[in-house]
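Some notes on the structure that comes next.
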Amino acid sequence: MNKEPRLRFTEEERADPALERPIRKADKAAAKADKAQAKIPKKQVRQKTVDPETGKVTTKLVLEDKKKPPSKLSHAVRDTPANAAMGKIHKEIRETEQDNVGVESAHKSEEAAETGARLVREGYRSHKLKPYRKAAQAEQKLEKANVNALYQKSLRENPQLTSNPISRWQQKQTIKKEYAAAKRAGQTAGNTASTAKKTGKAAKTVKEKAQQAGAFVMRHKKGFLVVGAIFLMVCMLLNTMSSCSVLSQGIGSVISGTTYPSDDPELVAVETDYAAKETALQAEIDNIESSHPGYDEYRYDLDMIGHDPHELAAYLSAVLQGYTRQSAQTELERVFDAQYQLTLTEEVEVRYRTETRTDSQGNSYTVQVPYNYYILNVTLTSKPISSVASELLTPEQLEMYQVYRQTMGNKPLVFGGGSTNTSDSESLTGVQFVNGTRPGNQAVVDIAKSQVGNVGGQPFWSWYGFNSRVEWCACFVSWCYGQMGLSEPRFAGCQSQGIPWFQSHGQWGGRGYANIAPGDAIFFDWDLDGSADHVGLVVGTDGSRVYTVEGNSGDACKIRSYDLNYECIKGYGLMNW
């Protein structure tokens with residue numbers, strides 16, 4: 001039986017609130033394991049002692065600390081020959097008992113007796129083995145408690161691991177391996193004494209064989225040098241191939257385990273459906289006064305409408321794994337209902353108005369007349385999908401959600417996530433801009449240019465309403481328009497929100513549109529799959545190239561330029577100033 005090591009902790013570690021509980025569990029498990037070990041029967045041996053004066057030999061029975069092992073031959077293996085013989089006998093009896101009722105009755109009684117005896121033997125043996133089973137179970141629980149205590153201690157010493165599920169998982173696997181290796185090393189050390197005598201006996205023979213082999217090698221040293229060189233080269237090649245294979249498998253498993261399992265068209269289609277729900281919700285709010293007429297006043301208390309597409313994809317991937325547009329609809333409704341709550345509350349106030357009246361004498365007087373004043377309170381509460389995930393997902397699903405969220409499913413641009421271009425911002429020195437017939441807006445361009453050098457996207461994504469960093473190119477463009485006092489266009493997704501707004505307002509120009517102006521939005525489709533991946537603001541054109549200011553270009557605000565016929569330009573959102 002493998003006996004787990006008993007860990008020892010310092011007083012400082014025991015006083016640490018973060019380690020107190022796992023250490024207490026490890027101590028408790030160790031106590032139970034020791035108690036279970038103590039119940040295992042000890043080996044009884046007869047010990048002889050000789051009185052040196054009288055020469056009398058005395059024999060007594062003593063209990064050694066060495067545990068008495070269970071029988072090496074299990075009852076199933078031990079009883080197999082007897083069971084086989086009895087089975088053959090019973091078979092022969094059954095062949096004759098059809099013709100003899102008495103034989104049949106006696107045979108059934110005999111089988112019942114044998115079955116009872118076998119059950120008694122098995123029960124007796126199970127009872128004898130009970131202490132060993134209990135001890136093995138206790139040692140297994142102790143191993144689990146020890147690993148958890150060491151893991152929590154590691155997290156305490158390396159707090160940077162606590163925010164990353166992948167690092168936590170890798171650290172726990174490493175601790176398990178180190179714990180197993182340390183335990184094996186301890187067991188090996190314990191077995192060393194028992195093997196020392198065998199090693200000493202064989203030493204002389206090994207030495208003689210080595211001397212004979214050495215003499216043979218010296219007589220044929222040239223041949224052995226050639227063979228040795230070839231052998232080393234083969235070993236190096238095999239080792240390299242093995243290392244590369246293991247590395248590639250490890251990298252492949254990590255990447256596959258953190259990549260959205262759904263196809264890109266399905267991801268985009270589901271994102272579009274969710275954005276459509278948000279658009280419909282906004283339209284419902286915009287039309288409240290026409291759909292609910294007759295109120296004296298409408299009061300609005302509205303949270304932001306919008307979401308991070310990668311948070312939605314991470315949530316759905318954690319719940320559904322690979323999903324399609326059709327299979328995701330039920331879960332979309334569940335997320336949407338959890339994220340948004342629109343309530344309409346009617347309120348009636350008794351108010352008074354002053355009326356002038358005339359009495360029977362023709363005299364005028366004023367009176368305060370009560371009347372009902374009807375108010376409709378429109379309240380929209382919303383919360384980010386990250387909060388929804390923590391409420392709706394199981395612990396296992398939530399951990400998987402966090403992995404997908406941190407890696408963005410290894411598809412950061414699938415929803416219009418910006419530009420991966422990490423080169424330096426370009427200079428506008430010497431550029432001669434050619435003005436078109438549309439006036440544009442130089443002020444919004446100057447605001448955008450003033451942000452060049454910003455890294456990370458603050459304050460753009462937080463201004464939009466997100467609690468943490470998102471792919472912020474669209475937030476940057478919306479922020480620039482917002483600084484000009486415009487409430488729209490306001491969008492966080494290029495394909496799902498930005499382009500539909502411009503197209504629905506008749507303000508869209510495709511690639512090659514000749515009359516772009518400063519302040520227009522420019523959309524890009526990097527992989528040419530028909531879906532916009534990035535957006536920036538137009539600074540102007542010199543007749544052959546278009547110059548832009550873009551947020552989230554390598555996670556920074558930068559000035560870029562492109563040929564007017566660049567195939568990745570999807571089109572322009574045309575602003576009317």
Side-chain angles (χ1 to χ4, degrees), residues 310 406-408 410-435 440-464 466 468-484 491-495 498 511-513 516-529 531-573 575:
H310 283 284
Q406 291 186 12
T407 62
M408 296 184 186
N410 295 314
K411 299 179 180 180
L413 302 181
V414 68
F415 303 116
S419 170
T420 58
N421 190 339
T422 58
S423 60
D424 293 338
S425 179
E426 299 180 24
S427 173
L428 296 176
T429 303
V431 177
Q432 299 294 322
F433 292 107
V434 178
N435 294 326
N441 191 313
Q442 188 59 41
V444 73
V445 171
D446 292 339
I447 290 174
K449 289 165 61 177
S450 70
Q451 300 302 311
V452 171
N454 176 290
V455 176
Q458 272 280 39
F460 315 121
W461 48 261
S462 60
W463 168 87
Y464 195 94
F466 292 112
S468 59
R469 182 196 180 280
V470 297
E471 300 305 322
W472 49 276
C473 58
C475 295
F476 169 70
V477 172
S478 299
W479 179 86
C480 290
Y481 291 150
Q483 302 309 299
M484 299 299 299
F491 56 97
C494 299
Q495 183 64 34
R511 176 167 56 89
Y513 180 77
I516 56 177
D520 287 344
I522 178 171
F523 292 87
F524 298 89
D525 177 7
W526 300 127
D527 51 9
L528 302 177
D529 64 350
S531 179
D533 302 312
H534 183 51
V535 65
L537 279 177
V538 173
V539 175
T541 175
D542 61 1
S544 62
R545 298 183 67 80
V546 59
Y547 295 83
T548 65
V549 181
E550 302 167 22
N552 201 21
S553 179
D555 201 32
C557 284
K558 298 176 184 178
I559 293 174
R560 299 290 187 202
S561 68
Y562 309 87
D563 188 285
L564 286 171
N565 296 315
Y566 179 46
E567 62 179 355
C568 291
I569 297 177
K570 184 173 179 64
Y572 301 91
M575 291 295 293

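Just so you know, these numbers come straight off a predicted model, no measurement behind them.
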What closest approach, in Å, do [X] and [Y] show between heavy atoms, and which atom pair accounts for it?
X      : Y      : result
Cys473 : Asn552 : N-CB, 3.7 Å
Gly519 : Leu537 : O-CD2, 3.5 Å
Cys557 : Gly551 : SG-CA, 4.1 Å

In Å, rounded to the nearest 0.5 Å, how long is the span from [atom1] of [X] to [atom2] of [Y]?
X      : Y      : atom1 : atom2 : value
Trp472 : Trp463 : CH2   : CH2   : 14.0 Å
Ser553 : His534 : OG    : NE2   : 5.5 Å
Met408 : Glu471 : CE    : CD    : 3.5 Å

TODO: Show your reasoning for whether side chain to side chain contact (heavy atoms under 4.5 Å, CB included) applies to Asp542 and Gln432.
DONE: CA-CA 6 Å; Asp542 61 1; Gln432 299 294 322; 5.6 Å; no
Can you list everything that forms a side chain to side chain contact (heavy atoms under 4.5 Å, CB included) with [X]? Sequence neighbours excluded, please.
X      : result
Ser423 : Asn421, Arg560
Asp529 : Asp525, Asp527, Ser531
Ser450 : none

Task: Asp563, CG atom: more than 12 neighbouring heavy atoms under 6.0 Å - done: yes
Find out whether [X] and [Y] are in side-chain contact, i.e. whether some heavy atom of one side chain is under 4.5 Å from a heavy atom of the other.
X      : Y      : value
Ile559 : Val539 : no
Met484 : Asn441 : yes
Ile522 : Ile516 : no

Open item on the list: Given 3.5 Å as the limit, does a donor-acceptor pair link the side chain of Ser427 with the main chain of Thr429, or not?
Closed with: yes
Can you give each donor-acceptor pair under 3.5 Å made by side-chain atoms of residues 442-449, sequence neighbours left out, with the distance rounded to 0.1 Å?
from	atom 1	to	atom 2	distance (Å)
Gln442	NE2	Asp446	OD1	3.1

Open item on the list: Please enumerate all residues that pass salt bridge (charged side-chain N to carboxylate O under 4.0 Å, His left out) together with Asp555, with sequence neighbours excluded.
Closed with: Arg469
- [ ] Could you list all the side-chain hydrogen bond (donor to acceptor under 3.5 Å, both in side chains) pairs where at least one residue sits in residues 452-462, not counting sequence neighbours?
- [x] Gln458-Ser462
Task: All side chain to side chain donor-acceptor pair (under 3.5 Å) counterparts of Ser561, not counting sequence neighbours - done: Glu426, Arg545
Task: Within residues 543-564 or reaching into it, pairs that qualify as ring pair (Phe, Tyr, Trp, His ring centres under 6.0 Å) - sequence neighbours excluded - done: Phe433-Tyr547, Phe524-Tyr562, Tyr562-Tyr566
Task: Test ring pair (Phe, Tyr, Trp, His ring centres under 6.0 Å) applied to Phe476 - qualifying residues, sequence neighbours left out - done: Phe460
Task: Any residue meeting ring pair (Phe, Tyr, Trp, His ring centres under 6.0 Å) with Tyr464, in chain and number order, not counting sequence neighbours - done: Phe466
